Amino acid sequence: MSIEEQYRTRAKELLSGGAVKMVIGYGKGTTASRRRPLFISSPDDVERLVLDDACITNLSGYLVSEGLLSDEKRVAVFLRPEGIRAVNILAAESQLDAEQIVIFGFDVSGTEVRALKGIHVEEFSDVIGSIKEGAPEASEEELFEKIEKMSPQERFSFWQEEFAKCIKCYACRQACPMCYCRRCIVDSNQPQWVNTSSHSLGNFEWNIVRAFHLSGRCVECGNCDRACPVNIPLRLINHRMAEEVLGAFDHFAGMSKTQEPVLASFKKDDSETFIL
Amino acid sequence: MAKIGVFICHCGENIGAKVDCTKLAAAMGEHPGVAVSVEYKYFCSDPGQESVKRAIRENNLTGVVVAACSPRMHEATFRKACAEAGLNPYLCEIANIREQCSWVHTDNGQATEKAMDITRSMVEKVKRNNKLQPIEVPVTRRALVIGGGIAGIQAALDIANAGQEVVLVEREPSLGGHMAQLSETFPTLDCSQCIMTPRMVEAAQHPKIRLLTYSEIESVDGYIGNFSVRVRMKSRYVDIDKCTGCGDCITKCPAKKISSEFDCGLGKRTAIYTPFAQSVPNIPVIDKANCIYFKNGKCKICSKTCQCSAIDFDMPDTFVDLEIGAIVVATGFQVQNNTMYGEYGYGTYPDVINGLQFERLASASGPTAGKIQRPSDGAEPQTVVFIQCAGSRDPSKGVRYCSKICCMYTAKHAMLYAHKVHGGKTHIFYMDIRAAGKGYDEFSRRAIEEDEAAYLRGRVSKVWQENGKLMVRGVDTLLGRPVEIAADMVVLATAIIAQPDAKDFAKTIGIGYDEYGFYNEAHLKLRPVESSTAGVFLAGACQSPKDIPDSVAQASATASKVLALFSKDMLEREPVVATNNEATCAGCWGCVLACPYNAIEQKDILDRSGRIIKRVASVNPGLCQGCGTCVTFCRSNSLDLAGFTEKQIFAEVMGL
Ligand SMILES: Cc1cc2nc3c(=O)[nH]c(=O)nc-3n(C[C@H](O)[C@H](O)[C@H](O)COP(=O)(O)OP(=O)(O)OC[C@H]3O[C@@H](n4cnc5c(N)ncnc54)[C@H](O)[C@@H]3O)c2cc1C
Ligand code: SF4
Ligand code: SF4
Ligand code: SF4
Ligand code: SF4
């Protein structure tokens, strides 16, 4: 039986037995190569679920939709390893109760789709651990290195050019599972720290603030990058921040559902004396 | 409409010589919202403050900016003046044009430009200041003194004698600290025990002092006036209420060969023991690690001997929870372990000892009953070499600082030796003789002139054993030649260092420390006995190496600070505290973790039927210290700090 079949069967069981109230997965998209999020609550709909190499969107963000989990019922969700990490962070940041989340884990290499064993987040710690140790994909590695090799001036003008394209649509924010705040700092206008106009200063402010807010939290799922209508390579900047926190604090975002947020926690044995 | 008064202070030449104050006053006078802009030579003077008050009344000012020195100097002065003129004190701000401007710039034109930027930015801030009311918190009138050395005892007695309650916590089985170990004390040579033990007894018997020995601080929470402290009373295995201190158990204990900590390894003690004969309280403890019963389940001789059935091998550690208003930290020091100086042979040759060990040899109650004897064979040494700065002032191996007391105690040792061993010879290798203090130089001169201490200015390169002698090779830098001395005993004036657990302990109580682990005072000159944490004070050698007179003086100073605090029913606290916007808070709890003072709690927002709608962060204004950490952390910008609101800071930045 293909994984798609297995997961359909499991979804059917869970829904008909009432173990979960909803399954969030992927359905057919507008073109043959696209998938769109699918929300089903009836066992009769499981046939609409699709699972193949085109299922790339990180669906974890839907879990924190207002009111979805407040009845304490369970919800099942299709997740790649990045999505599982995102659930860990959301749990660590008290946005959801990990007990309520039933995971349909999978991973894709090339065109092959592989099932990941486990139901609850804590069962995936080995998978997450191996991503922490592993290297990024070769194609990405090249790009990372190219940017790394630039002089600060070159890098600045690279990002200046990229950010100049930003139209402040905030699609990146909407697509990101980590951007769950009810009111984002850009929407706060008393005072208006981040300029809303899409001129170069405003664009810089926005993209840098977002990078900071995601450092130690971004799971590199690529949702933002794909959502950006003007193709700003947002993954590059988030990847860089992830490397910083990994190097400086050995913090790999989403390792566990109890992981303390790196920028809010401190260790008592820190050698810096300003830490009391 | 804002009516801001700008008062530009020359601070004599301090600001006036670099900043063109007339130009600055004129420019600020033009700035929108400024009603008055004047300059004066010294605004902090009486007439200066009067003119500010007059200007407030005459012009109905809505805010005041004093462009002067650092707010640390005079913010309080000017806020008070404003309050006296009827203006809420938090509508007054200081623009620092001295430390941040005139003092650091050489070019007058540029300094003036910068002063304008700084002042303008403050005017913009003040326009958005809110009236704030001080927060009142109650004060628990009970002090905690941590450490029962001379400093802790002095502080406890001073506070208790003023009628306030004290809890004195000492982690060893007895009070006393290092002073109890000393023989005689410079600069008067009075017997240490004779002056120390009466104070120990006084502290133990004082009706206002609760003494907790063999106890350690487990945790400290809360804030000035309102600390909650948990103390762990380590199990003595001896019931303190039943024991009469007869000492029969100690005499009978068969484990007799344990090296005595109090005698610095020169004497022996039993497994059930008091550190020294005059211990306070005179109640023994069982050293579990060395007790035969605890090791192999057989013995219990002490328990059979005890007529009061005071011994209880199952006694657990107990905890005491205390409500405390102020804390005095008096945890003292340690002497450095000299084995790191392999060339001096400490730890290899038994007759190379440190100063504290010499104190025990010279002490009438010590292991040799006050006779100076070599540890190796008990012979009386005829030649003794003292090496000063063995660890101090040595950035490569030891510590960079001067341990302050070693020059003096080495002179004392040479004198004590001369008094006890007639005809004996002393040689002292030194770098400098630092004898600043009342009667100190006279004291060290006496060692040289009357007791024939031979001072050699120079360092020792090596100590080795040859024909039953300790050969000391060094250099006499005044004569410029190498020297070699055949000695019977070598005494190292070991560096004074912080307690090994000083840094961890600082974290438990929440105070700062320097790179060596000595505790930081709030201001070295002006607030030397206060830590940077309100309500926590420092006494004795835990802050820096100190002799007894300084430790006692500092202890009494902390007592006066504590008593001043206890003189009020309510404490006024700055209303600079964070508040949370519950509507926008995302409930991520980052701030809860980030707050170094545990001032943020989780709060449930309920609907009418009591169902949780959402959970948000909520700041306890009594605990919040206004550090702003949470504000910088909050991604949704929900937290704001009174007195430094986002609006104010934004206006300040935009005003530049
Ligand atoms: C060899 C030598 C000779 C000296 N001779 C002289 C002299 O002749 N004249 C002179 O003026 N000074 C002399 N001094 C200096 C003198 O010993 C100190 O000034 C004095 O002991 C400092 O007192 P204190 O209370 O600060 O510290 P300490 O005496 O060290 O007392 C600190 C106490 O706190 C306790 N403690 C530590 N940590 C904790 C904790 N976490 N919880 C609870 N309790 C704790 C310790 O057990 C100890 O009892 C000499 C020092 C040395 C080393
Ligand atoms: S920032 Fe982008 S890549 Fe990172 S978690 Fe958010 S959507 Fe995914
Ligand atoms: S999605 Fe792209 S264009 Fe839109 S706000 Fe984000 S970076 Fe700018
Ligand atoms: S950091 Fe901000 S959003 Fe998060 S809990 Fe605190 S106040 Fe709320
Ligand atoms: S300002 Fe914030 S972080 Fe600082 S003490 Fe107050 S609540 Fe805690």
Side-chain angles (χ1 to χ4, degrees), chain A residues 64 66-67 69-72 89-97 173 176-195 201 205-206 209-218 257-276, chain B residues 128 220 503-504 506-517 520 531-533 536 581-598 600 602 611-617 625 627 629-630 632-638 640 645-654:
Chain A
V64 290
E66 195 96 31
L69 297 171
S70 55
D71 57 5
E72 292 176 16
I89 302 176
L90 292 170
E93 295 181 357
S94 303
Q95 300 306 306
L96 50 75
D97 178 357
R173 177 185 78 185
C176 177
M178 290 307 128
C179 284
Y180 53 68
C181 283
R182 287 172 178 81
R183 183 200 63 186
C184 176
I185 183 164
V186 280
D187 302 329
S188 141
N189 56 8
Q190 290 287 337
Q192 184 91 57
W193 284 113
V194 182
N195 217 305
L201 176 67
E205 283 174 343
W206 160 238
V209 163
R210 208 179 94 85
F212 274 123
H213 282 190
L214 286 158
S215 51
R217 305 172 67 237
C218 170
K257 61 176 183 180
T258 51
Q259 183 184 40
E260 289 191 341
V262 68
L263 296 187
S265 51
F266 50 89
K267 295 198 176 86
K268 287 209 169 177
D269 57 3
D270 197 294
S271 54
E272 297 295 342
T273 50
F274 66 83
I275 294 182
L276 292 180
Chain B
R128 290 152 185 89
V220 175
K503 291 182 181 175
D504 288 335
K507 288 166 191 161
T508 306
I509 38 185
I511 56 173
Y513 50 85
D514 67 14
E515 60 184 300
Y516 302 107
N520 281 343
S531 76
S532 46
T533 305
V536 181
N581 180 345
E582 294 177 350
T584 57
C585 170
C588 71
W589 310 141
C591 55
V592 176
L593 271 173
C595 174
Y597 301 96
N598 294 331
I600 308 183
Q602 305 181 2
R611 250 178 35 135
I612 298 179
I613 309 175
K614 71 174 200 170
R615 313 186 76 182
V616 293
Q625 300 291 313
C627 70
T629 307
C630 58
T632 52
F633 177 79
C634 181
R635 285 182 291 270
S636 70
N637 233 24
S638 299
D640 213 356
T645 59
E646 303 253 334
K647 275 190 207 170
Q648 287 170 290
I649 305 281
F650 192 78
E652 226 180 303
V653 176
M654 300 315 278

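Given the structure is predicted, the values throughout are model-derived calculations rather than measurements. To find a chain, count down the sequence lines: A is the first, B the second, and so on, and within it residues start at 1.
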Using a cut-off of under 4.5 Å for heavy-atom pairs, which of B:Asn581, B:Ile612, B:Ile649, B:Leu593 has the most such pairs with chain A?
B:Leu593
Closest contact, heavy atoms only, B:Phe633 versus A:Leu263
CD1-O, 3.6 Å
Supply the atom-to-atom distance B:Ser636 OG to A:Asp187 CG, rounded to the nearest 0.5 angstrom.
11.0 Å
Less than 4.5 Å apart, any side-chain heavy atom of A:Pro191 and any of B:Glu646?
yes
Check each atom of B:Lys614 against the heavy atoms of chain A and say whether the ones under 4.5 Å are side chain, backbone, both or neither.
side chain
Tell me whether B:Arg635 contacts the main-chain N or O of A:Leu214 through its side chain, where contact means a donor paired with an acceptor under 3.5 Å.
no
Proximity breakdown for A:Ser70 and chain B, heavy-atom pairs closer than 4.5 Å
neither
To the nearest 0.5 Å, atom CG of B:Asn637 lies from atom CD of A:Gln190 at 12.0 Å
Could you tell me which non-hydrogen atom of A:Ala264 sits nearest to which non-hydrogen atom of B:Gly590, and how far apart they are?
CB-O, 3.3 Å
Using non-hydrogen atoms only, which part of A:Gln95 is less than 4.5 Å away from chain B: side chain, backbone, both, or neither?
side chain
Which residue pairs pass the salt bridge (Lys or Arg N to Asp or Glu O under 4.0 Å) test with at least one member in residues 588-597 of chain B, sequence neighbours excluded?
none
Judged by atom type as modelled, is there a donor-acceptor pair below 3.5 Å linking the side chain of A:Arg182 to the main-chain atoms of B:Ala583?
no
Within this structure, what is the OG-CD1 distance for the pair B:Ser638 and A:Ile185, rounded to the nearest 0.5 Å?
9.5 Å
Do A:Glu260 and B:Trp589 come close enough that some side-chain heavy atom pair is under 4.5 Å?
no
Could you tell me which residues satisfy side-chain hydrogen bond (donor to acceptor under 3.5 Å, both in side chains) with A:Gln259, sequence neighbours excluded, listed by chain and number?
none
